[in-house]
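Just below is one structure, and these are the notes that go with it.
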Amino acid sequence: MRITLSFLLALLLAGCGFQLRGNAELPFKTIYMPPSNQPGVALDLRRNIQAGTHTTVVDDPKNAEAILEFTQDSRDKVILSLAASGRVIEFELHYRVSFRVRDNKGGEFVPASTIFLKRAVTFNDSEVLAKEKEDQQIYRSMEADMVQLIMRRLEAAQRPAAR
């Protein structure tokens with residue numbers, strides 16, 4: 001019974017077109033990313049490109065087919081709702097990253113783009129330390145989502161027209 005059920009489940013998954021993601025195919029062989037020692041999107045994206053693509057991250061922009069520039073990386077915490085007593089009961093965490101990818105000749109693989117993520121979180125005055133830790137974990141999750149969204153944009157990038 002279990003074997004039959006397992007076989008049917010595997011057959012169903014195979015029939016729906018499910019497949020593992022595999023390596024991303026980027027339209028350039030080398031990319032330059034400004035160095036970043038702080039944890040965040042830039043460092044995670046660098047690791048993702050090195051581990052999950054055939055593209056090489058180089059240390060000199062002169063040797064790169066593409067240059068990735070981050071123009072903004074910001075986090076905000078906005079009050080979403082208040083209790084009748086005026087105490088905050090819900091926040092919204094915002095995370096915004098702006099970037100562009102260009103070549104050495106001024107052409108753009110990805111024009112100036114902004115990705116904006118937001119998450120709503122509840123707040124309780126009696127659990128301030130726990131809520132701060134939860135906010136950090138949510139931001140970390142948002143960073144992982146941001147890296148995946150940027151990787152998808154890089155995969156969809158088109159080589160600039162020859163000048």
Review item, side-chain donor-acceptor pairs of residues 109-118, under 3.5 Å, at least two apart:
residue : atom : partner : partner atom : Å
Ser113  : OG   : Pro111  : O            : 2.7
Thr114  : OG1  : Ser98   : OG           : 2.8

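Although no hydrogens or angles enter the test, the distance criterion places no donor-acceptor pair under 3.5 Å between the side chain of Thr30 and the main chain of Val58. Judged by distance alone, with hydrogens and angles left aside, the side-chain atoms of Ser141 form no donor-acceptor pair with the main-chain N or O of Gln137 at under 3.5 Å.
Leu154 and Pro27 make their closest contact through O-CD, 3.3 Å (heavy atoms, listed as atom of the first residue, atom of the second, distance). What you find for Val101 and Ala66 is that their closest heavy atoms are CG1-CB, 3.8 Å. Across every non-hydrogen atom of Asp103 and Gly106, the tightest pair is OD1-N, 3.0 Å.
Note that the CE atom of Met146 and the CZ atom of Arg96 stand 9.0 Å from one another [nearest 0.5 Å]. Distance check, rounded to the nearest 0.5 Å: CG of Leu26 to OG1 of Thr56 gives 10.5 Å. Between atom CG of residue Asn63 and atom CD1 of residue Ile31 there is a gap of 14.0 Å, rounded to the nearest 0.5 Å. To the nearest 0.5 Å, the span separating CD1 on Ile79 from CZ on Arg87 amounts to 13.0 Å. Note that CD of Glu90 and CG of Leu80 are 4.5 Å apart. Values are rounded to the nearest 0.5 Å. Atoms CG and CD, from Leu45 and Glu143 in turn, are 11.5 Å apart once rounded to the nearest 0.5 Å.
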Salt bridge (charged side-chain N to carboxylate O under 4.0 Å, His left out) assessment of Asp145 paired with Arg119: CA-CA 12 Å; Asp145 292 346; Arg119 303 282 191 276; 2.5 Å; yes
Worked check of side-chain contact (heavy atoms from CB on, under 4.5 Å) between Val97 and Tyr95: CA-CA 7 Å; Val97 171; Tyr95 190 38; 3.9 Å; yes
Gln148/Asn48 under side-chain contact (heavy atoms from CB on, under 4.5 Å): CA gap, chis, key distance, verdict: CA-CA 9 Å; Gln148 292 306 311; Asn48 239 309; 3.5 Å; yes
Full working for side-chain contact (heavy atoms from CB on, under 4.5 Å) between Asp44 and Arg140: CA-CA 11 Å; Asp44 288 348; Arg140 186 70 188 127; 2.6 Å; yes
Steps toward side-chain contact (heavy atoms from CB on, under 4.5 Å) verdict (Arg102, Leu68): CA-CA 7 Å; Arg102 63 178 178 82; Leu68 174 71; over 6 Å; no
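Salt bridge status for Lys131 with Glu134: present, with a side-chain N to carboxylate O gap under 4.0 Å. By the 4.0 Å N-to-carboxylate-O rule, Glu92 lies too far from Lys77 to be salt-bridged with it. A salt bridge does not link Asp135 to Arg75: none of the charged side-chain nitrogens sits closer than 4.0 Å to a carboxylate oxygen. Looking at Glu69 and Arg100, a side-chain N of the basic residue comes within less than 4.0 Å of a carboxylate O on the acidic one, giving a salt bridge.
For residues 117-155, the pairs satisfying ring-ring contact (aromatic ring centres under 6.0 Å, His included) are Phe91-Phe123, with sequence neighbours left out.
The shortest distance between side-chain heavy atoms of Ile150 and Phe70 falls below 4.5 Å. Taking the side chain as every heavy atom from C-beta outward, Thr55 and Lys29 never approach each other to under 4.5 Å.
Around CD of Gln72, the count of heavy atoms belonging to other residues, nucleotides or ligands within 6.0 Å exceeds 12.
Under the 4.5 Å side-chain contact rule for hydrophobic residues, Val57 and Ile67 do not share a cluster. Cluster membership for Met142 and Val147, using ILVMFWY side-chain heavy atoms within less than 4.5 angstrom, is shared. Hydrophobic clustering (ILVMFWY, side-chain heavy atoms < 4.5 Å, transitive): Val88 and Ile138 are in one cluster. Under the 4.5 Å side-chain contact rule for hydrophobic residues, Met151 and Val41 share a cluster. Side-chain heavy atoms closer than 4.5 Å link hydrophobic residues (I, L, V, M, F, W, Y) into clusters, and following such links, even through other members, never connects Tyr32 to Leu43.
For the side-chain contact (heavy atoms from CB on, under 4.5 Å) test, residues two or more places apart in sequence or in another chain that qualify with Ala83 are Ser85, Ile89.
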